[in-house]
2 protein chains.
Amino acid sequence: MAATPPYSSDSSASADADAGATTGSGLTPAFSPLYQQIKVLMLQSLQSGEWKPSAAIPSELELAARFKVSQGTVRKAIDELAAENLLVRRQGKGTFVATHAEHHVQYRFLKLFPDNGDPNSEGPAQRKIIDCKRLRASAEVARALALRPADAVLQVRRVLSFAGVPTILEDLWLPGTPFKGLTAERLAGYDGPMYALFETEFGVRMVRAEEKIRAVLPDAEQCKLLHTTQQTPLLSVERTAFTYNDTPMEMRRGLYLTDTHYYRNALN
Amino acid sequence: MAATPPYSSDSSASADADAGATTGSGLTPAFSPLYQQIKVLMLQSLQSGEWKPSAAIPSELELAARFKVSQGTVRKAIDELAAENLLVRRQGKGTFVATHAEHHVQYRFLKLFPDNGDPNSEGPAQRKIIDCKRLRASAEVARALALRPADAVLQVRRVLSFAGVPTILEDLWLPGTPFKGLTAERLAGYDGPMYALFETEFGVRMVRAEEKIRAVLPDAEQCKLLHTTQQTPLLSVERTAFTYNDTPMEMRRGLYLTDTHYYRNALN
DNA sequence: AAGTGGTCTAGACCACAAC
DNA sequence: TTGTGGTCTAGACCACTTG
């Protein structure tokens, strides 16, 4: 890029791939700025495993040289990836691939907090795997995971307790193929967040998620596991988690007891 | 800034105020980059009403001249303000002060959606003011609004219906002083979002909010207003909304019926 | 054609961390 | 001292909107 001016027709941003600033098909000029093309290339490095969770990526100057653009342009690409929580910048040290492990908050996607608002006040959660079995996807699960109906899925049921009090009952479903080999023992033996295990053991990194929340009453079995009554209303939290490329990789349904905890959300 | 180098001790970013790059009190050097100081100055222009909701702010070059910095520096300040939804950029037209009115989504802070996920499918909500009265703040409300207990507050109760079905029952409390003159008639006569009325009539712009969500069972009165039974679990959504400077300006408690709707949340 | 935001560059220098 | 991210600048040019 040092030789060719920006916005020129020669917008080959890298040696191995031409992202193409304009995919002119007549409709929708689809102009894409250079830093967006760089971002796509970096996303590929993340997805392919070239850059692994918690590892440092090349320095900005190195990347600028590799992609033949200025440092400012790769900075803008990194800025966006950092804003999406895919990368973490550390001044003086480098830029690192984000991870669900070694994250100072244990559960990044868990929005349930004790009434006093301080998750540290109750210590780490106790986890108990109730069940983990292989079965065929129901219509609902298949839709959520973009599978064919009756494809193999893994189903896990577990209970989370805080200060010894059962508070969350979770059922979750994972696509069978990427998670082949996952067992109840494997889950029980791991002491970090589940999403951290997915990263290290199966190379699946959850990037974002969506939740649908409702108020419900539990059935008899759910009551027993949560030590509560059928008259106690619970939060039903249905989550779909995605890897790169918006690929759904987990469907989860949680029942939250909210007598001593609440679901916190920030609106901007 | 054109004459003095960056990071110099003469970091007076504007003619009328010296934001001071370092408030050196011995501890915590508190280094603040230039664009952050610019951001603070722009925040003051927003807060003081110099720049009003939906109006255009000066162009980047004008601001650069006013603050005696480069265009890139004011861009970075604007970038952050836009990321916080305080400003909206429109290429070719200018940068505008964000507003709760004329926003293509009617209720920016309302996260309840119909099961099909499309809020347009059910048309606009019907609003009915049940009550609007002046009273003294309870301990809980006083705490949430940072008032003294027994200070005057306004209490409003209303019901929102979708397709004719009562779905949300809301109680909300506003500090008496800033909202002096607000009446049920005033609320009922306005057809835009409540937060838009707050902007135009009282000069109060809600900037962000926090919600605490629980599952609850309604009492008899709540049941009547929502046309439901005491055995139907509801979402209790407790919201505190803030203006500039993190000043709480509204406390609200909503009861959401979630048999045909759900609360949607995006996790990043 | 003029004005506004958006992109890109090259270079200088600061803050922070590690050796 | 070196290397990394972070800030700031000045200038060129592109994309979009409006007259």
Side-chain angles (χ1 to χ4, degrees), chain A residues 1-13 19 21-22 24 28-39 42 55-83 87-97, chain B residues 1-13 19 21-22 24 28-39 42 55-83 87-97:
Chain A
M1 270 312 145
T4 59
Y7 294 96
S8 74
S9 57
D10 173 20
S11 58
S12 57
T22 65
T28 64
F31 160 75
S32 163
L34 237 192
Y35 74 86
Q36 287 286 2
Q37 304 173 38
I38 304 298
K39 193 181 160 189
M42 294 181 68
I57 71 170
S59 76
E60 296 179 351
L61 285 174
E62 278 183 77
L63 290 171
R66 177 198 295 194
F67 297 133
K68 299 203 181 69
V69 298
S70 76
Q71 185 191 6
T73 299
V74 334
R75 269 192 74 76
K76 185 138 189 182
I78 293 178
D79 279 344
E80 293 207 349
L81 292 171
L87 295 177
V88 176
R89 323 187 76 141
R90 282 181 218 147
Q91 193 179 51
K93 300 172 80 170
T95 301
F96 301 79
V97 181
Chain B
M1 268 315 140
T4 59
Y7 294 96
S8 75
S9 58
D10 172 21
S11 59
S12 57
T22 66
T28 62
F31 159 75
S32 163
L34 238 192
Y35 74 86
Q36 287 286 2
Q37 304 174 39
I38 304 299
K39 193 180 158 188
M42 295 181 66
I57 71 171
S59 76
E60 295 180 351
L61 286 174
E62 277 182 78
L63 291 172
R66 177 196 295 193
F67 297 132
K68 299 203 181 66
V69 298
S70 76
Q71 186 192 6
T73 299
V74 334
R75 269 192 74 77
K76 185 137 188 183
I78 294 179
D79 278 345
E80 293 206 350
L81 292 171
L87 296 178
V88 176
R89 321 187 77 141
R90 283 183 217 143
Q91 191 179 51
K93 300 172 80 170
T95 301
F96 300 79
V97 182

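Below, chain A is the first sequence line, B the second, and so on; all start at residue 1. Computed from a predicted model, the values in this text were never measured in an experiment.
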Take atom [atom1] of [X] and atom [atom2] of [N], then tell me their distance rounded to the nearest Å.
{"X": "A/Arg75", "N": "C/dC8", "atom1": "CZ", "atom2": "C1'", "answer": "15 Å"}
{"X": "B/Ile38", "N": "D/dT7", "atom1": "CD1", "atom2": "P", "answer": "14 Å"}
{"X": "A/Ile57", "N": "D/dT4", "atom1": "CD1", "atom2": "P", "answer": "12 Å"}
{"X": "B/Leu61", "N": "C/dT7", "atom1": "CG", "atom2": "P", "answer": "16 Å"}
{"X": "B/Ile78", "N": "D/dC8", "atom1": "CD1", "atom2": "P", "answer": "14 Å"}
{"X": "B/Tyr35", "N": "D/dG6", "atom1": "OH", "atom2": "P", "answer": "9 Å"}
{"X": "A/Leu34", "N": "C/dT7", "atom1": "CG", "atom2": "P", "answer": "11 Å"}
{"X": "A/Lys68", "N": "C/dT9", "atom1": "NZ", "atom2": "C1'", "answer": "17 Å"}

Can you find a side chain N or O atom of [X] that sits less than 4.0 Å from OP1 or OP2 on [N]?
{"X": "A/Lys76", "N": "C/dC8", "value": "no"}
{"X": "B/Thr95", "N": "C/dT4", "value": "no"}
{"X": "A/Thr73", "N": "C/dT9", "value": "yes"}

Review point. Among the nucleotides D/dG5, C/dG6, C/dT4, which one has an atom lying closest to any side-chain atom of B/Arg89?
Key: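 So the side chain of B/Arg89 is nearest to C/dG6.
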Revision key, fill the gap. Of the listed D/dC8, C/dT9, C/dC8, the closest approach to the B/Ser70 side chain comes from D/dC8
Exercise for review: Can you measure from OG1 (A/Thr95) to CG (A/Leu63) and round to the nearest 0.5 angstrom?
Suggested key: 8.0 Å
**Study point:** Spatial distance of atom CD (A/Gln36) from atom OG1 (A/Thr73) [nearest 0.5 Å]
**Key:** 11.5 Å
Check your understanding: If every non-hydrogen atom of A/Val97 is compared with every non-hydrogen atom of A/Ile57, which pair is closest and at what distance?
Key ->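 Scanning both residues completely, I find the closest heavy atoms to be CG2-CG2, 3.8 Å.
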Review point. Which atoms form the tightest heavy-atom contact between A/Ala82 and A/Arg89, and what is the distance?
Key: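 Taking A/Ala82 first and A/Arg89 second, the nearest heavy atoms are CB-CG, 4.1 Å.
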Extract from the structure each pairing of a protein N or O with an N or O of nucleotides 16-19 of chain C at less than 3.5 Å, listing the distance.
from: C/dC16; atom 1: O4'; to: A/Gln91; atom 2: OE1; distance (Å): 3.2

Exercise for review: Treating a pair as Watson-Crick (purine N1 to pyrimidine N3 plus N6-O4 or O6-N4) or G-U wobble (N1-O2 and O6-N3) with both distances under 3.5 Å, list the stems of 3 or more consecutive pairs that involve DNA chain D.
Suggested key: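 Counting only runs of 3 or more consecutive pairs, the stems involving DNA chain D are C:1-18 with D:1-18.
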With heavy-atom distances below 4.5 Å as the criterion, would you say the side chains of [X] and [Y] are in contact?
{"X": "A/Ile78", "Y": "A/Ile38", "value": "no"}
{"X": "B/Met42", "Y": "B/Phe67", "value": "yes"}
{"X": "B/Lys76", "Y": "B/Leu34", "value": "no"}
{"X": "A/Tyr35", "Y": "A/Glu80", "value": "yes"}

Check your understanding: Can you name the residues that form a side-chain hydrogen bond (donor to acceptor under 3.5 Å, both in side chains) with A/Gln71, not counting sequence neighbours?
Key ->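 Listed in chain order: A/Glu60.
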